[in-house]
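In what follows, a structure is listed as structure tokens, so that the remarks can point back to it.
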Amino acid sequence: MDTNNAITALAALAQEHRLAAFRLLAATGETGMPAGELARQIGIPHNTMSSHLATLSNAGLITATRDGRSMIYRIVPAAMRALLGFLTDDCCQGRPELCGLAPVTAPKTECC
């Protein structure tokens, strides 16, 4: 991940409802969640949620697939790992184990 992509991703996450949506989607893993359910759980109008999801999608952090009349949103695990790696690559002079950080290049689970 380069600096511009990291700035775009961090800007997308730097808003209360978008961060909440991203965290909900991270918890659902591969199952994902429809936009309407995300809006309901966060407590915001559907059209507002759509705008937030578009921002997260444009940043490459989430993806959507059609399921009948619904759009199911999921995180993009590789994008999340790339962002975390970008943020921690130079930790403790390039030795993140000294900071108590595990490498983020390898997924902990199949999802992320």
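A donor-acceptor distance shorter than 3.5 angstrom exists from the side chain of Thr55 to the backbone of Ser51, with no hydrogens or angles considered. Judged by distance alone, the side chain of Asn5 and the main-chain N or O of Met1 form no donor-acceptor pair under 3.5 Å.
One hydrophobic cluster, built from ILVMFWY side chains closer than 4.5 Å, cannot hold both Tyr73 and Val76; they sit in different ones. Linking Ile, Leu, Val, Met, Phe, Trp and Tyr residues whenever their side-chain heavy atoms come within less than 4.5 Å places Leu53 and Leu10 in a single cluster. The hydrophobic clustering, which links ILVMFWY residues whose side-chain heavy atoms are closer than 4.5 Å, places Met80 and Leu19 together. The hydrophobic clustering, which links ILVMFWY residues whose side-chain heavy atoms are closer than 4.5 Å, places Leu61 and Ile72 apart.
Screening Glu37, His17, Arg23 against Ile42 for a side-chain contact (heavy atoms from CB on, under 4.5 Å) leaves a single residue, His17.
A pairwise comparison of heavy atoms in Ala79 and Gly60 identifies CB-O, 3.2 Å as the closest pair. Summarising the geometry of Ala35 relative to Met49, their closest heavy-atom pair is O-CG, 3.8 Å, with the distance given to 0.1 Å. Residues Arg18 and Gln15 approach most closely at N-OE1, 2.9 Å, considering heavy atoms. The two residues Ala9 and Ala59 come nearest to each other via the heavy atoms CA-CB, 4.1 Å. Across all non-hydrogen atoms, the minimal contact from Ala21 to Leu56 is CB-CD1, 4.3 Å.
The line from CD1 of Ile75 to CZ of Arg81 is 8.5 Å long, rounded to the nearest 0.5 Å. Here the straight-line distance linking atom CG of Asp2 with atom OG1 of Thr8 works out to 8.5 Å at 0.5 Å rounding. In this structure, CG on Asn47 lies 9.5 Å from NE2 on His52, to the nearest 0.5 angstrom.
Side chains of Thr65 and Arg74: a donor-acceptor N/O pair is present below 3.5 angstrom, by distance only.
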Worksheet item: Are His46 and Arg40 close enough, and set up right, to give a side-chain contact (heavy atoms from CB on, under 4.5 Å), and what steps lead you there?
Response: CA-CA 8 Å; His46 292 219; Arg40 188 188 68 72; 5.6 Å; no

